[in-house]
A.B. asks: 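Structure provided below as structure tokens; questions to follow.
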Amino acid sequence: MFWTRSFIPTMKETPEGAEIPSHQLMLRAGMINQVMAGAYTYLPLGLRSLKKAERIVRQEMDAAGAVELLMPALSPLSLWERTGRVEAFGDVLIKFAVQRAGRKVQLALGPTHEEVVTDLVAHRISSYRQLPVTLYQIQTKFRNEERPRFGVMRTSEFLMKDAYSFNPSLESLNETYEKMYAAYCRIFERCGLEYLPVEAESGPIGGDASHEFMIPAENGEDTVLHCRKCGYAANQERAEVPSRDCTRPDTPEKELAKLATPGASTIEQVSTFLKIKPNKLIKTLIYEADGKPIAVLVRGDHEANEGKIRRAAEATEIALASPEVIEKVTGAPVGFAGPVGLAGKLPIYADNSVKIMVNAATGANEADAHLVNVNPGRDFTPDKYGDLRNARDGDPCPRCSGTMAERHAIEGGHVFKLGTKYSAALGAKFLDHAEQQQTIIMGCYGIGINRILAGLIETRHDEHGIVWPVAIAPYEVLLAPMKADDEATSQAVERLYADLQAAGVEVLVDDRDARAGVKFNDADLIGIPLRIVIGPRGLKEGNLEVKWRWEKQASMLPIDGAAATIAEWIAQERTDNARFLAARNGEGD
RNA sequence: CGGGGCGUGGCGCAGUCUGGCUAGCGCGCCUGCUUUGGGAGCAGGAAGUCGGAGGUUCGAAUCCUCUCGCCCCGACCA
């Protein structure tokens, strides 16, 4: 491809509103153009990279035994009503009515496709002989995100690979899950991405039923906890906090006292007012678990984890109670709840860290008053202790003696053992060997294709622009002629271009009538992995100048046989990203 | 949904507080000449309902009211 015949509108300046590197660079490199908040046009360069990521995903899914199909983005709203997800999705589900032959038809744009695919299987699969099967598609998903942001990272329309496995048994599901997990590892590796599979919220099946494939990145929206010692990694929502080191200090217990704390209702206000650190406070949260109020105690500097609370309370729905409920239950306005005197009125669940607190401060269940020198066991006794808080940086690892570190990350993929939630709701059953009707067990496996690009750019760029691996780069080689009107140069360019094309290398020729500086800067910006400069200077010596994007210095390559050498490098790099990864790990120059 | 910021040629911005002539600057774009290995120089040129509507005023990019859009933080996120 020739630059002047393509459409590559690069920008020197960063458009207003683009905050993170991937967004800025994709705009500046002419890969995308914003149409509205959360919707982007993929320009030729962006589309080429997107297609490459898509191709890798497709190849690996095929290799793992999944079969591709294509479902419509449009579906009848009634299908979503059958699984209760119209309500579950709320405004995120884009739904609308159209007039059709005089009647109103309710439609939805698919944010995911469990319903559509399960309905298909319910109609077309009826025997164990047809199972297991894994169906996948690569298709545009629609989600009316509350707040689209960070360029291509969170949009209302995005390209997703979604796969669904239909298994006759739990063992079969586990087998498929392992295969998908392994395929995901290969996909991220082939894309040149650093990734971290982490344990995630697992839903109805429990255990190790869900993993997220995280791309560690400064600007990631998710937080994961990772133990370098044993490799344990989990989403913050999921990460366990071990209860060891739970010996209570033998500080003498002081006498309980009530202090006036006018207007101090938040942890910060109370700790400032009483001049004590937040970790000496007991935070008392009133939740409603399936409609029934419960009290949850965590240390003032800790964050309550609603998933853990839900499990501890054995509830299906959990939400912070309204101010009215809190006042009714504690007798005090929000901000002054405390465990003392609450026993018997409602179940009290306390985080393990509360158990070892001595002479703590907490709400007095009375407006503008707090209690100090509160001691668990003496002044109150929770119904149950457990792990109820979010793990955080520096917490001990639940699997070994190490310490967990907090990292921001981009969720690139998610594998999930669904169980029978959708198959039961939509009647996806099969007849087993013994002529028994069984409900199909499902798994689902998603990858955000756009996030592969954003994740790569976030993790691999420099002050000049994007640094692509060959596997995802829009073109593999950039040919930059230095003197367009020089006869020898243009002949050399023509020949090398033809030879590389013939060898199957994807080449972009910067044939613009521009100065060297412009070409070099744009080359760095769009990040093509191998740059080849052809000009009279090198040609005099019979040389080309070659430079990998991640190298600082160019080197010379004799023009004779150059095409074959380059084609060989590229072919190698395509499969293993070896040079790209070596440069990332600081082994390059 | 709560808080904050911003809308001025394609892009980045100044001008707005304190209303006043044909609304500026840089980049980009077009024409010509010169130049040509890390974002060239000179000369000439095209291009803007100042987000929109209403209002105040002799006069509005500037003041007032409403409204639309974009960005960030938070809440939310199968």
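Below, chain A is the first sequence line, B the second, and so on; all start at residue 1. These numbers come from a predicted model, not from an experiment.
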A.B. asks: Could you work out the separation of B:rA40 and B:rG26 based on their C1' atoms and round it to a whole Å?
C.D. replies: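 Approximately 16 Å lies between the C1' atom of B:rA40 and that of B:rG26.
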A.B. asks: So which pairs with a foot in residues 473-492 of chain A pass salt bridge (charged side-chain N to carboxylate O under 4.0 Å, His left out), sequence neighbours left out?
C.D. replies: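 Checked against salt bridge (charged side-chain N to carboxylate O under 4.0 Å, His left out) - neighbours excluded - the pairs reaching residues 473-492 of chain A are A:Glu476-A:Arg574.
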A.B. asks: Would you measure the distance from the P atom in B:rG45 across to the matching atom in B:rG54 and give it in whole Å?
C.D. replies: 36 Å
A.B. asks: According to the Watson-Crick and G-U wobble definitions, with both distances under 3.5 Å, which nucleotide is paired to B:rG7?
C.D. replies: B:rC68
A.B. asks: Mind checking the C1' distance from B:rU56 to B:rU65? Whole angstroms is fine.
C.D. replies: 11 Å
A.B. asks: Rounding to a whole Å, what distance do you find between A:Glu411:CD and B:rC76:P?
C.D. replies: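 Computing the A:Glu411:CD to B:rC76:P distance gives 16 Å.
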A.B. asks: If the condition is side-chain contact (heavy atoms from CB on, under 4.5 Å), which residues does A:Thr155 pass it with, not counting sequence neighbours?
C.D. replies: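 side-chain contact (heavy atoms from CB on, under 4.5 Å) list for A:Thr155, sorted by chain: A:Tyr40, A:Phe158.
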A.B. asks: NA contact type, A:Ala37, heavy-atom cut-off 4.0 Å: base, sugar-phosphate, or nothing?
C.D. replies: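 A:Ala37: backbone/sugar contact only, no base atoms under 4.0 Å.
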A.B. asks: Return the value, rounded to whole Å, for the distance between atom CD of A:Glu13 and atom P of B:rG12.
C.D. replies: 8 Å
A.B. asks: Does a side-chain N or O of A:Arg149 approach OP1 or OP2 of B:rC70 to a distance below 4.0 Å, or not?
C.D. replies: no
A.B. asks: For B:rC1, what is the paired nucleotide under Watson-Crick or G-U wobble rules, both distances under 3.5 Å?
C.D. replies: B:rG74
A.B. asks: Looking only at atom C1', what distance separates B:rG7 and B:rC13, rounded to whole Å?
C.D. replies: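 It works out to 13 Å between them.
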A.B. asks: Does B:rG44 have a Watson-Crick or wobble partner in any strand here, with both distances under 3.5 angstrom, and which is it?
C.D. replies: B:rC30
A.B. asks: Can you name the side-chain contact (heavy atoms from CB on, under 4.5 Å) partners of A:Leu74, sequence neighbours left out?
C.D. replies: A:Phe96, A:Leu107, A:Leu109
A.B. asks: Salt bridge (charged side-chain N to carboxylate O under 4.0 Å, His left out) with A:Glu115: which residues, sequence neighbours excluded?
C.D. replies: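 By the salt bridge (charged side-chain N to carboxylate O under 4.0 Å, His left out) rule, A:Glu115 matches A:Arg85.
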A.B. asks: Going by atom types only, do A:Asp162 and A:Gln137 share a side-chain donor-acceptor pair under 3.5 Å?
C.D. replies: yes
A.B. asks: I'd like the P distance from B:rG44 over to B:rU49, given in whole Å.
C.D. replies: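 After rounding to an integer number of Å, I get 25 Å for this pair.
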A.B. asks: Show the atom names and distances, to 0.1 Å, of all donor-acceptor pairs under 3.5 Å that link a side chain in residues 518-536 of chain A to residues at least two apart or in another chain.
C.D. replies:
from	atom 1	to	atom 2	distance (Å)
A:Lys519	NZ	A:Pro481	O	2.8
A:Lys519	NZ	A:Asp510	O	3.0
A:Lys519	NZ	A:Arg512	O	3.1
A:Asn521	ND2	A:Gly517	O	2.8
A:Asp522	OD1	A:Thr10	OG1	3.2
A:Asp522	OD2	A:Thr10	OG1	3.2
A:Asp522	OD2	A:Arg512	NH1	2.9
A:Asp522	OD2	A:Arg512	NH2	3.1

A.B. asks: Specify the separation, in whole Å, of atom CZ of A:Phe416 and atom C1' of B:rC77.
C.D. replies: 14 Å
A.B. asks: Holding to salt bridge (charged side-chain N to carboxylate O under 4.0 Å, His left out), I want the full list of residues that pass it with A:Lys179, two or more places apart in sequence or in another chain.
C.D. replies: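 A:Lys179 satisfies salt bridge (charged side-chain N to carboxylate O under 4.0 Å, His left out) with no other residue.
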A.B. asks: Under the salt bridge (charged side-chain N to carboxylate O under 4.0 Å, His left out) test, which residues partner A:Arg154, sequence neighbours left out?
C.D. replies: A:Glu145, A:Glu221
A.B. asks: CZ of A:Arg85 versus P of B:rC77: gap in Å, rounded?
C.D. replies: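 About 14 Å, once rounded to whole Å.
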A.B. asks: Using atom CD of A:Gln34 as one end and atom P of B:rG69 as the other, report the distance to the nearest whole Å.
C.D. replies: 13 Å
A.B. asks: Rounding to a whole Å, what distance do you find between A:Leu25:CG and B:rC11:P?
C.D. replies: 19 Å
A.B. asks: Using purine N1 to pyrimidine N3 plus N6-O4 or O6-N4 for Watson-Crick, or N1-O2 and O6-N3 for G-U wobble, each under 3.5 Å, what pairs with B:rU62?
C.D. replies: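 Here B:rU62 is not engaged in any pair, so there is no nucleotide opposite it.
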A.B. asks: Sugar-phosphate means primed atoms, P, OP1 and OP2; the rest is base. With that split, encode nucleotides 34-46 of chain B 5' to 3' as B, S or - using protein heavy atoms under 4.0 Å.
C.D. replies: -BSBBBB------
A.B. asks: B:rC72 and B:rG12: how far apart are their P atoms, nearest whole angstrom?
C.D. replies: 15 Å
A.B. asks: Decide if the gap between the ring center of A:Phe188 and the ring center of A:Phe213 is smaller than 6.0 angstrom.
C.D. replies: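 Yes, close enough.
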A.B. asks: Using whole Å, report how far CD of A:Glu146 lies from C1' of B:rG2.
C.D. replies: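 It is 12 Å, rounded to the nearest whole Å.
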A.B. asks: At a heavy-atom distance below 4.0 Å, what parts of residues 151-165 of chain A sit against RNA chain B?
C.D. replies: A:Arg154
A.B. asks: For A:His302, what residues pass the ring pair (Phe, Tyr, Trp, His ring centres under 6.0 Å) criterion, not counting sequence neighbours?
C.D. replies: none
A.B. asks: Begin from the C-alpha positions of A:Asn450 and A:Tyr42 and carry the test side-chain hydrogen bond (donor to acceptor under 3.5 Å, both in side chains) through to its verdict.
C.D. replies: CA-CA 10 Å; A:Asn450 316 259; A:Tyr42 274 78; 2.9 Å; yes
A.B. asks: Please check: side-chain N/O of A:Lys161 versus main-chain N/O of A:Tyr445, any donor-acceptor pairing under 3.5 Å?
C.D. replies: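 Confirmed, A:Lys161 side chain pairs with A:Tyr445 backbone.
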A.B. asks: Would you mind reading off the distance between A:Ile20 atom CD1 and B:rC72 atom C1', rounded to a whole angstrom?
C.D. replies: 12 Å
A.B. asks: So, are A:Arg5 and A:Asp511 salt-bridged, with charged N and O less than 4.0 Å apart?
C.D. replies: no
A.B. asks: Restricting both atoms to N or O, compile the protein contacts to nucleotides 3-6 of chain B shorter than 3.5 Å, with distance only.
C.D. replies:
from	atom 1	to	atom 2	distance (Å)
B:rC6	O2'	A:Glu16	OE2	2.9

A.B. asks: B:rG3 and B:rG39: how far apart are their C1' atoms, nearest whole angstrom?
C.D. replies: 40 Å
A.B. asks: What's A:Glu19 touching, base or sugar-phosphate or nothing? Going by heavy atoms closer than 4.0 Å.
C.D. replies: sugar-phosphate
A.B. asks: Would you measure the distance from the C1' atom in B:rU34 across to the matching atom in B:rG20 and give it in whole Å?
C.D. replies: 44 Å
A.B. asks: Only counting residues at least two apart or in another chain, list the ones meeting side-chain contact (heavy atoms from CB on, under 4.5 Å) with A:Ser555.
C.D. replies: A:Val546
A.B. asks: Mapping A:Pro111 and A:Ala18 onto RNA chain B by nearest heavy atom, which one lands closer to the 5' end?
C.D. replies: A:Ala18
A.B. asks: In Watson-Crick or G-U wobble terms, both distances under 3.5 Å, what is the partner of B:rA14?
C.D. replies: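 Paired with no nucleotide.
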